[in-house]
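Inspection log for the structure reproduced underneath, given as structure tokens.
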Amino acid sequence: MVRIAFFGPEGTFTEQAARNLAGGDQLFPVETIPAAFDAVRSGVAEGACVPVENSVEGPVTATLDSAVDGDPLVAVAEALLPIRFSVLTRSDAPDPPRTVASHPHALAQVRGWLAEHLPKAEQLVASSTAGAAVGVLEGEYDAAVVAPVAAEHYPLRVLATDVADLADARTRFLLLRRPGQLPEPTGADRTSIVVAAANRTGSLAGLLTELAMRGINLTRLDARPVKGDYGTYRFFFDFEGHIAEPRIADALAALRRRSTEVRFLGSHPRADGVAATLEPGAGNDDFAAADAWVEAVRKGELA
Ligand SMILES: O=C(O)C(=O)C[C@]1(C(=O)O)C=C[C@@H](O)C=C1
């Protein structure tokens, strides 16, 4: 039985994403994002499901940092969930609640709603949305901002549903595994890498140029500090395409040459199915034809 760790406890958005991604695999919750990575690295689980980016609050930094701190893991699939929250409370909690807790990404997505409906409630950070629900049950907080499914897991009173400051908020989640066989290219794929850029003029521009020259469309760029080396950063790139495609392989090789540290984080189908935009001359056939031409020139077959 394949075991998949997910960022829990039960009733997180990540559990929902894991259910979408894991098929019949056995899911089990872990308390933190680093613990989900560790479960795979140590062999306790074959896979892990974690959030990676939210359309309102941006990157999930615990996921980015865990991707570089430890043995390499690769993303083999992703899920994209629309995000709308419920607010739960204990029936014996003060009305209105004096404290409201959630994951920082969740609090950031309901700032306006909280200001309007619970302006006096102190906002507290919990390990996850469902972790906040557990805290409400245990009397630690009065209310929690949670995924709607949390109401099915925890015996709490529903104070509000369909809570979201922005109608189209989404979070993207990854299914991670130890490196092995990669998913096949589909034409609508995403490749992720993390690169340490040298601290000198134009080094990031140089990396970006390698992608741009090969007609590769970036879908995300985040910087994270290299811990313990003030002023130095690693850059996380997501871009359209799959390492099996020549333009992507060619760009990765160029980044490898330019940087002392590149970590491949996966090539997998995009959850939204958006096909890669192909610039003129960037297709697989264009690369094959150009390689054949160089080979012919080398052999003296062409002037
Ligand atoms: O706490 C959860 O339920 C999570 O799955 C984490 C998380 C996140 O990291 O962004 C996932 C989706 C929502 O955007 C809020 C929180």
Side-chain angles (χ1 to χ4, degrees), residues 4-22 27-37 39-40 45 47-67 75 77-88 99-114 123-138 140-141 143-154 156 158 160-176 192 220 222 224 236 238 271-272:
I4 307 289
F6 67 87
F7 173 44
E10 281 170 7
T12 54
F13 284 103
T14 311
E15 179 180 7
Q16 279 174 262
R19 294 204 178 283
N20 292 354
L21 290 169
L27 302 180
F28 69 99
V30 292
E31 277 296 310
T32 65
I33 288 173
F37 279 77
V40 187
C49 187
V50 292
V52 64
E53 66 168 336
N54 169 259
S55 61
V56 178
E57 195 52 13
V60 181
T61 52
T63 295
L64 302 190
D65 290 346
S66 299
E78 66 175 36
L80 197 58
L81 291 188
I83 303 292
R84 302 188 78 76
F85 298 92
S86 294
V87 181
L88 306 184
T99 57
V100 56
S102 198
H103 187 275
H105 269 62
L107 291 173
Q109 291 176 79
V110 299
R111 242 175 232 141
W113 188 92
L114 289 175
Q123 295 175 25
L124 300 172
V125 165
S127 60
S128 69
T129 54
V134 172
V136 173
L137 264 185
E138 292 174 350
E140 198 179 342
Y141 321 117
V145 177
V146 297
V149 289
E152 295 161 25
H153 288 274
Y154 304 101
L156 291 169
V158 179
T161 56
D162 222 19
V163 173
D165 290 352
L166 280 160
D168 192 30
R170 297 165 199 210
T171 298
R172 190 161 62 87
F173 300 82
L174 300 175
L175 181 62
L176 304 165
S192 306
R220 184 173 67 93
D222 284 309
R224 291 293 296 154
F236 288 77
D238 280 359
D272 57 13

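Residue numbers run from 1 in the order of the sequence given. Values reported hereafter were calculated over all heavy atoms of this structure, with side chains retained and with hydrogens, waters and symmetry mates removed. Order of listing sets the numbers, starting from 1, for every ligand and every atom in it. Nothing here was measured: the structure is a model prediction, and the numbers come from that model.
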For ligand 1, indicate whether the residue [X] contacts it via side chain, backbone, both or neither (heavy-atom separation under 4.0 Å).
{"X": "Thr129", "answer": "both"}
{"X": "Thr12", "answer": "both"}
{"X": "Val60", "answer": "side chain"}

*Is it true that Asp65 and Arg224 make a salt bridge, defined as a side-chain N closer than 4.0 Å to a carboxylate O?*
yes
_Please determine whether a side-chain nitrogen of the Lys or Arg among Asp238 and Arg172 lies less than 4.0 Å from a carboxylate oxygen of the Asp or Glu._
yes
*Given Phe7, Phe13, Phe6, the one that forms side chain to side chain contact (heavy atoms under 4.5 Å, CB included) with Phe173*: Phe13
_Going by side chain to side chain contact (heavy atoms under 4.5 Å, CB included), Val163 matches just one of Val145, Leu114, Val146, Val110. Which one?_
Val110
Which pair of non-hydrogen atoms, one from [X] and one from [Y], has the smallest distance, and what is that distance?
{"X": "Tyr141", "Y": "Thr99", "value": "CA-OG1, 3.4 Å"}
{"X": "Ala45", "Y": "Ala5", "value": "CB-N, 4.0 Å"}
{"X": "His153", "Y": "Glu15", "value": "NE2-OE1, 3.9 Å"}

*Heavy-atom distance to atom 10 (O) of ligand 1: which of Arg170, His105, Glu57, Gln16 wins?*
His105
*Nearest option to atom 6 (C) of ligand 1, as decided by whichever heavy atom of Phe7, Phe13, Phe6 sits closest*: Phe7
Proximal atoms of ligand 1 relative to [X] (non-hydrogen, under 4.0 Å):
{"X": "Ser128", "answer": "1 (O)"}
{"X": "Asn54", "answer": "14 (O)"}
{"X": "Thr14", "answer": "4 (C), 5 (O)"}

*asked:* If the contact criterion is a heavy-atom separation under 4.0 Å, does Gln109 count as touching ligand 1?
replied: yes
*Considering heavy atoms of the protein only, find what lies nearest to atom 7 (C) of ligand 1 and give residue, atom and distance to 0.1 Å.*
His103 ND1, 4.4 Å
